[in-house]
Amino acid sequence: MQDSTYKVLVSDPLAQQGIDELKERGLDVDVRTGLSEDELCDIIGKYDALVVRSGTRVTQKVIEAATKLKIIGRAGVGVDNIDVHAATRRGILVVNAPEGNTISAAEHTIAMMLSLARNIPQAHASLRQGEWKRKAFMGTEVRGKTIGIIGLGRIGAEVAKRCIGLEMTVLGYDPYISKERADEIGVVLTSLDELIENSDFISVHTPLTKDTRNLIDREQFSRMKSKARVINCARGGIINEQALYEALKEGRIAGAALDVFEHEPPEGNPLLTLDNVVLTPHLGASTQEAQINVAVGVAREIADFLDGKPVRNAINMPPIRPEVLPQLRPCLELAERLGKFTSQLAGHYESVEIYMGGELAKREASVVKLAALKGLLEPVVGARVNYVNAEFLMRERKVEIATSQKDEDGEGGCEVSLRLHSDGSVLTVGGAVHRGQPRLLKIDSYPIDIVPEGFILVIKHIDKPNIIGPCCMVLGEMNINIAGMQVGRLTKGGESIMVLSVDTEVPQGAIEQIKGIDGVIDVRLVVM
Ligand code: NAD
Ligand code: MLT
């Protein structure tokens with residue numbers, strides 16, 4: 001059962017099955033749709049989680065007002081209505097439900113393509129007006145035609161599959177997929193230019209990003225076949241609407257089918273006045289099946305997250321597979337504790353290198369890195385750092401981050417070393433998970449072996465008699481119990497390191513007394 005104090009706001013219409021799922025997991029759910037930005041800002045401070053579809057704009061202002069918010073769930077794919085950057089900065093996780101509406105969106109694309117090819121909406125409207133115009137609505141077959149699909153992710157691939165079924169030739173443009181994947185889908189990968197010039201139908205299926213905004217503009221329209229027809233069931237703005245309007249108006253292309261618009265609803269949009277367009281009001285995911293899938297999918301993610309379980313579809317954090325978590329937990333614990341330890345020992349630093357060794361740490365390197373960064377930041381920024389914003393906060397402090405992996409596989413599957421650079425000096429701290437327990441095994445080149453927990457005194461000193469005793473005496477006189485001790489040295493009589501685990505906080509007076517002992521070079525207290 002979930003902690004019933006968690007409150008979830010659902011601010012867009014959501015399938016009842018999703019709301020039921022949230023309630024069944026013990027969450028306190030309020031459904032309040034149609035709120036203005038100011039109204040949302042007024043109430044968002046009460047909530048731990050927010051569920052939206054595409055209607056609610058989760059702006060920076062909303063996120064700043066969301067003092068308790070831990071997670072934003074998007075019931076659907078596109079997160080362009082959420083300021084993910086602002087959420088990340090605040091450590092708020094953003095999740096979506098990317099798979100639930102794939103088939104519906106792909107089927108809608110096919111429906112739009114066939115409507116466009118056979119003028120179905122125009123013919124329908126004409127017939128309802130009492131007309132019987134068989135010649136006016138002459139169409140075109142799709143069999144034997146070429147479709148160019150831009151973006152071969154989930155929906156693009158399903159559209160391709162269906163087009164192959166319709167006996168079309170399928171070209172594809174997606175710089176992020178491999179030839180093997182394209183072969184698997186049955187698509188011929190081309191450049192964007194080739195696709196534009198050779199396709200009878202062009203369908204976009206990318207997210208809207210700074211790279212895909214206006215991906216199809218005047219230049220592309222000028223190179224299309226005169227009988228080309230374009231389809232956008234992805235996001236308004238990928239095809240430049242003004243350039244599309246001009247191309248359609250001037251008859252440079254044959255038609256367009258649009259489910260999405262730069263501004264929705266598209267009030268006053270001149271595209272609505274043209275005859276050679278087929279329009280739907282963002283219906284790609286509007287099937288009962290898709291709405292239930294995305295609502296339940298996002299509800300599960302939110303409930304799992306608030307329950308301390310990993311989520312599958314995080315937008316602003318690397319995914320953690322639930323099946324590896326039991327094994328991974330001690331490794332993350334190690335990275336975090338090493339970070340916390342090293343940060344207190346180093347004070348200021350300009351760059352951090354994170355080395356990962358062992359099969360597990362290497363395989364889950366992106367999350368292990370976040371754990372180390374979180375640990376490094378915690379002594380400085382406190383509890384506001386989490387896995388979502390750790391890298392962001394570190395970069396905001398202008399600390400350079402580098403990661404690398406050791407070639408050889410370490411024992412136990414998880415080894416982590418942190419190297420902090422500051423003003424020409426370097427501090428290295430390393431450790432490993434041993435029998436499920438995080439252990440600190442190295443400070444610079446000194447070998448040690450302690451569990452990084454509680455209070456730890458790190459004393460650098462000359463390797464000579466009569467140092468360890470007096471240090472322990474100071475602690476003893478202050479009634480501070482020593483739980484464990486390790487001494488590491490490189491050469492006899494050279495510099496040495498003493499690491500004392502103590503049961504209670506060590507007052508500054510004791511640290512000063514130890515610093516005064518002949519042969520002691522430096523003393524640091526680390527609080528885990
Ligand atoms: P996806 O992430 O699975 O696929 C997107 C693909 O676009 C990826 O393969 C990616 O490599 C590719 N891509 C990214 N940048 C590109 C670029 N510059 N050029 C070419 N390809 C690029 O996403 P998806 O689930 O397939 O969704 C695709 C789009 O459909 C999204 O915009 C989503 O919001 C939208 N969508 C709309 C509806 C609707 O109701 N109309 C429903 C669901 C999804
Ligand atoms: C999506 O991105 O999931 C779709 O556009 C559907 C929706 O907005 O609900």
Side-chain angles (χ1 to χ4, degrees), residues 10-15 18 33 51-58 73-82 84 94-113 148-162 171-178 181-182 184-185 187 189-196 202-217 220 231-239 257-262 264-266 278-295 297-298 313 315:
V10 177
S11 64
D12 283 322
L14 189 75
T33 59
V51 183
V52 299
R53 282 183 56 204
S54 55
T56 304
R57 296 199 60 74
V58 189
R74 161 70 161 103
V77 185
V79 288
D80 33 278
N81 55 322
I82 300 169
V84 177
V94 181
V95 295
N96 66 353
E99 278 143 27
N101 58 28
T102 301
I103 299 302
S104 292
E107 287 183 358
H108 194 69
T109 306
I110 300 296
M112 293 294 261
M113 179 178 72
I149 299 180
I150 302 176
L152 290 164
R154 286 172 290 256
I155 298 170
E158 291 298 330
V159 170
K161 212 192 268 181
R162 284 155 181 76
L171 304 181
Y173 169 69
D174 187 328
Y176 306 106
I177 75 152
S178 63
R181 174 65 185 144
E184 198 177 280
I185 309 170
V187 170
L189 269 190
T190 65
S191 66
L192 182 59
D193 286 349
E194 273 177 90
L195 182 148
I196 293 286
I202 296 171
S203 191
V204 295
H205 297 283
T206 68
L208 178 66
T209 65
K210 63 176 177 29
D211 294 334
T212 61
R213 185 176 288 282
N214 300 326
L215 191 67
I216 305 208
D217 212 334
Q220 280 70 34
I231 305 158
N232 187 358
C233 289
R235 276 294 175 270
I238 300 171
I239 299 177
L258 305 173
D259 183 45
V260 286
F261 304 87
E262 270 174 46
E264 293 179 6
V278 173
L279 308 165
T280 48
H282 204 145
L283 292 185
S286 296
T287 62
Q288 281 165 4
E289 293 85 348
Q291 285 315 304
I292 293 171
N293 287 344
V294 296
V298 87
N313 298 304
I315 298 289

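Note that ligands are numbered from 1 as they come in the structure, with each ligand's atoms numbered from 1 the same way.
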Against heavy atoms of [X], which atoms of ligand 1 measure under 4.0 Å?
{"X": "Pro175", "result": "19 (N), 20 (C), 21 (N)"}
{"X": "Thr212", "result": "15 (N), 16 (C), 17 (C), 18 (N)"}
{"X": "Tyr176", "result": "11 (O), 13 (N), 14 (C), 15 (N), 16 (C)"}
{"X": "Asn101", "result": "43 (C)"}
{"X": "Arg235", "result": "32 (O), 34 (O), 37 (C)"}
{"X": "Cys233", "result": "37 (C), 38 (C), 39 (C), 41 (N)"}
{"X": "Gly78", "result": "34 (O)"}
{"X": "His282", "result": "39 (C), 40 (O), 41 (N)"}

Does any N or O atom in [X] lie less than 3.5 angstrom from one in ligand 1, N or O only?
{"X": "Gly156", "answer": "no"}
{"X": "Asp80", "answer": "no"}
{"X": "Gly153", "answer": "yes"}

Could you give me the CA-CA distance, side-chain angles and deciding distance for Thr212 and Arg235, then say whether side chain to side chain contact (heavy atoms under 4.5 Å, CB included) is met? CA-CA 10 Å; Thr212 61; Arg235 276 294 175 270; over 6 Å; no
Protein residue, atom and distance nearest to [atom], heavy-atom basis:
{"atom": "atom 28 (C) of ligand 1", "value": "His205 O, 3.3 Å"}
{"atom": "atom 35 (C) of ligand 1", "value": "Ala234 O, 3.6 Å"}
{"atom": "atom 42 (C) of ligand 1", "value": "Ala105 CB, 3.7 Å"}
{"atom": "atom 11 (O) of ligand 1", "value": "Asp174 OD1, 2.8 Å"}

Any side-chain heavy-atom pair of [X] and [Y] under 4.5 Å:
{"X": "Leu208", "Y": "Val260", "answer": "no"}
{"X": "Val77", "Y": "Arg154", "answer": "yes"}
{"X": "Tyr173", "Y": "Ile196", "answer": "no"}
{"X": "Arg181", "Y": "Leu152", "answer": "no"}

Residue part near ligand 1, for Ile155, under 4.0 Å between non-hydrogen atoms: both
Arg154 contact mode with ligand 1 (heavy-atom cut-off under 4.0 Å): both
Side chain to side chain contact (heavy atoms under 4.5 Å, CB included) assessment of Val294 paired with Gln291: CA-CA 5 Å; Val294 296; Gln291 285 315 304; 4.0 Å; yes
Select the closest option to atom 31 (C) of ligand 1 among Thr206, Leu152, Ile150, Val159, judged by heavy-atom distance. Thr206
Which residue from Leu215, Val294, Asp259 reaches closest to atom 41 (N) of ligand 1 through any of its heavy atoms? Asp259
Do any N or O atoms from the side chain of [X] and from the backbone of [Y] form a donor-acceptor pair under 3.5 angstrom?
{"X": "Thr209", "Y": "Asp211", "answer": "yes"}
{"X": "Asp259", "Y": "Gly284", "answer": "yes"}
{"X": "Asn81", "Y": "Arg57", "answer": "no"}
{"X": "Ser104", "Y": "Thr287", "answer": "no"}
{"X": "Ser191", "Y": "Glu194", "answer": "yes"}

Under the criterion side chain to side chain contact (heavy atoms under 4.5 Å, CB included), I'd like the reasoning laid out for Val298 against Asn96: C-alpha separation, chi angles, the key distance, then a yes or no. CA-CA 6 Å; Val298 87; Asn96 66 353; over 6 Å; no
Within the 4.0 Å heavy-atom sphere of ligand 2, strictly under, residues: Arg53, Ser54, Arg74, Gly76, Val77, Gly78, Asn101, Arg235, His282, Ala285
For Glu158, which residues count as a salt bridge (charged side-chain N to carboxylate O under 4.0 Å, His left out) partner, sequence neighbours excluded? Lys161, Arg162
Residues Ser54, His282; criterion side chain to side chain donor-acceptor pair (under 3.5 Å); working and verdict: CA-CA 10 Å; Ser54 55; His282 204 145; 4.6 Å; no
Looking at ligand 1, does Thr102 have a heavy atom less than 4.0 Å from it? no
Candidates Asn232, Leu195, Ile231 - the one meeting side chain to side chain contact (heavy atoms under 4.5 Å, CB included) with Ile202: Leu195
Side chain to side chain contact (heavy atoms under 4.5 Å, CB included), that's the test. Do Asn293 and Asn101 meet it? Break it down for me. CA-CA 7 Å; Asn293 287 344; Asn101 58 28; over 6 Å; no
